[in-house]
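So the structure is just underneath, and the comments pick up after that.
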Amino acid sequence: FVARRLEAERSGIVLLFAGARRSGKTSIMFQILDGRLGDEILPVFIDMQALSGIDGDAQMLGRIARSVIEGVGDERLVVDYYEFDEGNPILTFDRLLADINQIFPDKRLLLLVDEAELLRDKVSRGEISPAVLTFMASALESRKVSFFFTGSPGLPDTDVPEWKRLMGKGDFKEIS
């Protein structure tokens, strides 16, 4: 299913798998990390539980950028080059995505975001700005990036309009 959906979309896509604990959602992500989707995909795992203590756009995007740089594993991408504490952290993250597009023109970055309700809830509580989700939605079209979110059955449900907009750009699948 994931491979077919990624192949069908020229621009980025959001895939959302929701289900109960121990239903295999994270296992699917680890299969993707192990190369199950082929060489055209650059999969990067983002564990939102590890980012639960993060507050603010600069810290959040900086930690995600570190995971992306480490996950891509190319010596041309250096964490210290991207300064998230100065200026707009969204523009800094966009520059990282542009650099990945330039280094890997024939590949698609796939961010595997586990426990994604933690991201949604950070926006809902005001710990990060809704602009982060708006940027993610725009990156689907402007950068070769897709998102694969996993979480609990209530993950699609929210009062956060930016989350609804982001979720509207993809497919939802219930895992049991």
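For the numbers below, each heavy atom of this structure counts, side chains included, while hydrogens, waters and symmetry mates do not. Sequential numbering from 1 along the given sequence is applied to the chain's residues.
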Main-chain N/O of [Y] paired with [X] side-chain donor or acceptor, under 3.5 Å:
X	Y	result
Asp114	Thr26	no
Lys169	Ala137	no
Ser142	Ser138	yes
Ser11	Glu141	no
Lys122	Ile54	yes

Any [X] side-chain heavy atom under 4.5 Å of [Y] side chain:
X	Y	answer
Leu15	Leu110	no
Met48	Met60	yes
Val72	Leu109	yes
Asp171	Glu9	no

- prompt: Which residue pairs satisfy the ring pair (Phe, Tyr, Trp, His ring centres under 6.0 Å) criterion with at least one member in residues 154-176, sequence neighbours excluded?
  reply: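 Qualifying pairs, neighbours excluded: Phe149-Trp163.
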If every non-hydrogen atom of [X] is compared with every non-hydrogen atom of [Y], which pair is closest and at what distance?
X	Y	answer
Val145	Leu140	O-CD2, 3.6 Å
Gly12	Ser146	CA-OG, 3.4 Å
Glu174	Pro153	OE2-CB, 3.9 Å
Ile90	Val132	CD1-N, 4.0 Å
Arg76	Ile103	NH2-CG2, 3.0 Å
Asp57	Pro89	CB-CG, 3.9 Å

- request: Indicate, with yes or no, if Leu91 and Tyr81 share a hydrophobic cluster defined by side-chain heavy-atom contacts under 4.5 Å among Ile, Leu, Val, Met, Phe, Trp and Tyr.
  value: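 No, Tyr81 and Leu91 fall in different hydrophobic clusters.
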- prompt: side-chain contact (heavy atoms from CB on, under 4.5 Å) between Leu77 and Val68: does it pass, once the steps are laid out?
  reply: CA-CA 10 Å; Leu77 297 170; Val68 168; over 6 Å; no
message: Can you confirm whether more than 12 heavy atoms, excluding those of Arg4, are under 6.0 Å from its CZ atom?
response: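 No - once you tally the heavy atoms of other residues, nucleotides and ligands closer than 6.0 Å, there are 12 at most.
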Report the distance from atom [atom1] of [X] to atom [atom2] of [Y], rounding to the nearest 0.5 Å.
X	Y	atom1	atom2	result
Glu162	Phe135	CD	CZ	15.0 Å
Glu115	Ile46	CD	CD1	13.5 Å
Leu118	Ser124	CG	OG	12.0 Å
Asp106	Leu42	CG	CG	10.5 Å
Arg108	Ile13	CZ	CD1	8.0 Å
Asp94	Asn88	CG	CG	9.5 Å

task: May I ask you to decide if the ring planes of Phe84 and Phe93 are parallel, tilted or perpendicular, using 30° and 60° as cut-offs?
output: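 Plane angle between 30° and 60°, so tilted.
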- request: Mind jotting down which residue pairs meet the side chain to side chain donor-acceptor pair (under 3.5 Å) criterion with at least one end in residues 35-52? Sequence neighbours excluded, please.
  value: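 Qualifying pairs: Gln31-Arg36.
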message: Please list all pairs meeting side chain to side chain donor-acceptor pair (under 3.5 Å) that have one or both residues in residues 64-73, counting only residues at least two apart or in different chains.
response: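 Not a single pair qualifies under side chain to side chain donor-acceptor pair (under 3.5 Å).
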- request: Go through the steps to decide whether Asp99 and Tyr82 satisfy the test side chain to side chain donor-acceptor pair (under 3.5 Å), and finish with yes or no.
  value: CA-CA 11 Å; Asp99 291 346; Tyr82 303 94; 2.4 Å; yes
task: Would you check, one step at a time, whether the test side-chain contact (heavy atoms from CB on, under 4.5 Å) holds for Leu119 with Leu133?
output: CA-CA 9 Å; Leu119 175 64; Leu133 297 178; 4.1 Å; yes
